[in-house]
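Heads up: the structure comes next, in structure tokens.
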Amino acid sequence: MVRTILALMKKEFLQVIRDSNMLRMVFLMPIVQLFLLGYVASTDVKLISTAVYDDDRSGLSREYVRSLSAGEYFITDTPEISLLEAERGFRESRYEVALIIPRGFSRKLQESKQVKIGLMVDGTNANSASIALGYANVITRQFNERVTGFSPPITLRQKRLYNPEGESVYFMVPGIVATLLTMITMLLTSMAIVREREIGTLEQLMVTPISATALILGKTIPFALIGFLEMSVALFLGVTWFRIPFAGSWGLLYALSFLFLFTTLGTGMFISTISTTQQQAMFLTWFFAIFAIMTSGFFAPIANMPRSIQYLTYLNPLRYFMTTVRGIMMKGASLDVLYPQVMAMIIFGITIFTFSWLRFSKRVK
Amino acid sequence: MENAVVIDRLTKKFGDFTAVDEIGLTVQKGEIFGFLGANGAGKTTAIRMLCGLLLPTSGSGSVGGFDIYKETERIKKSIGYMSQKFSLYQDLTGDENLWFYGSVYQIPRRDLRKRMEELTETLGLSEFTNRPAGSLPVGWRQRLALATALLHRPKILFLDEPTAGIDPVFRRRFWEILYRLADEGTTLFVTTHYMDEAEFCRRISIMHQGKIIEVGKPQDLIARYDQPNLQETFITLISQEGGNG
Ligand SMILES: Nc1ncnc2c1ncn2[C@@H]1O[C@H](COP(=O)(O)OP(=O)(O)O)[C@@H](O)[C@H]1O
Ligand SMILES: [Mg+2]
């Protein structure tokens, strides 16, 4: 039994190493995903190009503009422009925000009267629009206090926990680690089994006295190991290149990843029992993976989803793993906090793996 | 003499289509049995049932004394199977393929090395075992596949069109190897298209549209139908049966 499993594992590794497509996928995928999602899909809102229409042209109005552009959020070094031009720039996407300071701004401010200034935001990207508005609000309030010396009775003192700089990479990398592990283990398992069926080697294997157990273990352990390798590459790059802090326990992360693998390996095995060609297996794997990633909270918070979809996410094992990886890496979460996630992963792991195991053994007989 | 294969009214249906229709035959230990039939006659389907790869729809059968319904695991230990499609790992070398199947058959490590050397030697494969199986010419591939099927020293060997697409010289050498195996006591159950090859078999059966229409020694069949050779006998038999069986 052990010997058969080892023989299968060695064979599987040899095949991955000799298949240049497979090799590319295994080693390039973590790197490409990290850099693509770490940089390009960054959700940080910075360097917002801002048009300024200052109809007041006073020292105070200029100071307000200066304070707005002091941070790295708004860039106002575009020349002062007319209202008409601001509108055109908006349509052409040259500006994302336009600031309109009406005549009488400084006079009213000095007389302690209420002043209204206009801020137009390009709402195409709802997320960055609301973030830009948030920044502008804070800056305006601070300016207010400074000029009038009056602070409103309630002020909100904000403190961002776990990720004080609000870097989206800190949030993305753990997510990438979780999705990588999901995709690679599911894909390799389903493809490896279906490929053997397609070329006829599975039939040759079935006339040997190999047991279903040995076959399943020999076909899942190698991909679990490759999954761990991928995960380690992604984590290594995350910590060294993106300099993300790692708050929790490495041991716990790997242990819980191992637990999670039962669901992905099980799903891969299930896919192999319902596909006859490698293309079919690949398509089905993408289908499962995209559903899992979309409802895992990787990109959009689950709380923002429609209620019905929110219920659906409870059926997605990746949702629990996503919380687990982010929890361990960003907040240093330990088992007593992650207890519900761990329970969910155990239940899903046992159910999916057992179901696929039985289905696979039956198909093989 | 004991029987290596016994089947009775063995049937396989795929939906409404009957691929194997109540066939019956016995194969004696140590004989070379030729399982003939045109393309689509149902030969592969019958062999797959005998090897425990496919569950029969009805009928009975035993291979090496083991029941094809209940004792497939024991059948698998005692048979070798060379499928009609080349089914070794093409990206692994000959040695790696042999080593892999040897391990799966649980052949003790030291024996395995020795057997691999012996087999590749007798099959004239020694120079080719370091190349990826997929890069070998067809004739060598078939020898490698045969070596793989022989590693665990099976008592009964099922060969599904082992010489398809191989040139005549190679085919002749392949049959010499099969003869030697039969001399050593291995039972051979061989399907083939080539009638000249069928004459090498001790007994043959002819299958047509799922049914076995004739069984016997090649020379007996030739005499019975008063034909010059097996080729003509086969054609006469098939045309007698007609298109609809
Ligand atoms: N899994 C299957 N499902 C449906 N039909 C099949 C299946 N396998 C074989 N057949 C059909 O059974 C018939 C016999 O096929 P086969 O046993 O491969 O013939 P042979 O080996 O004699 O050429 C063919 O018509 C083939 O299409
Ligand atoms: Mg066939």
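Scope of the values below: all heavy atoms of this structure, side chains included, with no hydrogens, waters or symmetry mates. Order of the sequence lines fixes the chain letters, A, B, ..., with proteins taken first and strands second; residue numbering starts at 1 for each chain.
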Task: Minimal non-hydrogen separation, A:Q204 against B:Y81, with atom names - done: NE2-O, 2.8 Å

Open item on the list: Using 0.5 Å steps for rounding, measure from the CZ atom of B:F100 to the NZ atom of A:K10.
Closed with: 11.0 Å

TODO: Report the option among B:Y105, B:Y89, B:F86 that has the most heavy-atom pairs separated by less than 4.5 Å from atoms of chain A.
DONE: B:Y89

Task: Selection residues 36-59 of chain B - residue pairs positive for ring-ring contact (aromatic ring centres under 6.0 Å, His included), sequence neighbours left out - done: none

Open item on the list: I'd like to know if the side chain of B:Q106 and the backbone of A:I210 have a donor-acceptor N/O pair within less than 3.5 Å.
Closed with: no

TODO: Give every residue pair that meets the side-chain hydrogen bond (donor to acceptor under 3.5 Å, both in side chains) criterion with at least one member in residues 135-144 of chain B, sequence neighbours excluded.
DONE: none

TODO: Below 4.5 Å from any heavy atom of chain A, which atoms of B:Y101 appear? Answer side chain, backbone, both or neither.
DONE: side chain

Open item on the list: Just to be sure I understand the criterion: a residue of residues 11-23 of chain A counts if one of its heavy atoms is under 4.5 Å from a heavy atom of chain B. Which ones qualify?
Closed with: A:K11, A:L14, A:Q15, A:R18

Task: Options B:K85, B:R74, B:H152, ranked by heavy-atom pairs under 4.5 Å with chain A, top entry - done: B:K85

Task: Within 6.0 Å of OH in B:Y69, more than 12 heavy atoms from elsewhere - done: yes

Open item on the list: With chain A as the partner, which of B:N97, B:L54, B:I107, B:I75 has the greatest number of non-hydrogen pairs under 4.5 Å?
Closed with: B:I107

Task: Contact origin within A:L6 toward chain B - heavy atom pairs under 4.5 Å - done: neither

TODO: Specify the closest pair of heavy atoms between B:S87 and A:G200, including all atoms of both residues, with the distance to one decimal.
DONE: CB-O, 3.3 Å

Open item on the list: Would you say CZ of A:F291 has more than 12 non-hydrogen atoms from neighbouring residues, nucleotides or ligands within 6.0 angstrom?
Closed with: yes

- [ ] Just jot down the side chain to side chain contact (heavy atoms under 4.5 Å, CB included) partners of B:S205, sequence neighbours excluded, or say none.
- [x] B:L25, B:F33, B:F35, B:I212, B:V215

TODO: Select one option (side chain, backbone, both, neither) describing which atoms of B:K77 are under 4.5 Å from chain A's heavy atoms.
DONE: both

- [ ] Give a yes or no on this: more than 12 heavy atoms of other residues, nucleotides or ligands lie within 6.0 Å of atom CH2 of A:W250.
- [x] yes

TODO: Output the option from B:M82, B:Q90, B:R48 having the highest count of non-hydrogen pairs under 4.5 Å with chain A.
DONE: B:R48

Open item on the list: If you count heavy atoms of other groups shown closer than 6.0 angstrom to OH of B:Y179, is the number above 12?
Closed with: yes

Task: Exceeds 12 heavy-atom contacts within 6.0 angstrom, atom CE of A:M294 - done: no

- [ ] Identify the heavy atoms of A:E203 and B:L53 that sit nearest to each other, and give their distance.
- [x] CG-CD1, 3.4 Å

- [ ] Measure across A:R3 and B:L112 and return the closest heavy-atom pair with its distance rounded to 0.1 Å.
- [x] NH2-CD2, 3.9 Å

Open item on the list: Just so I understand: if I count every heavy-atom pair under 4.5 Å between each of A:T201, A:T4, A:L205 and chain B, which residue has the most?
Closed with: A:T201

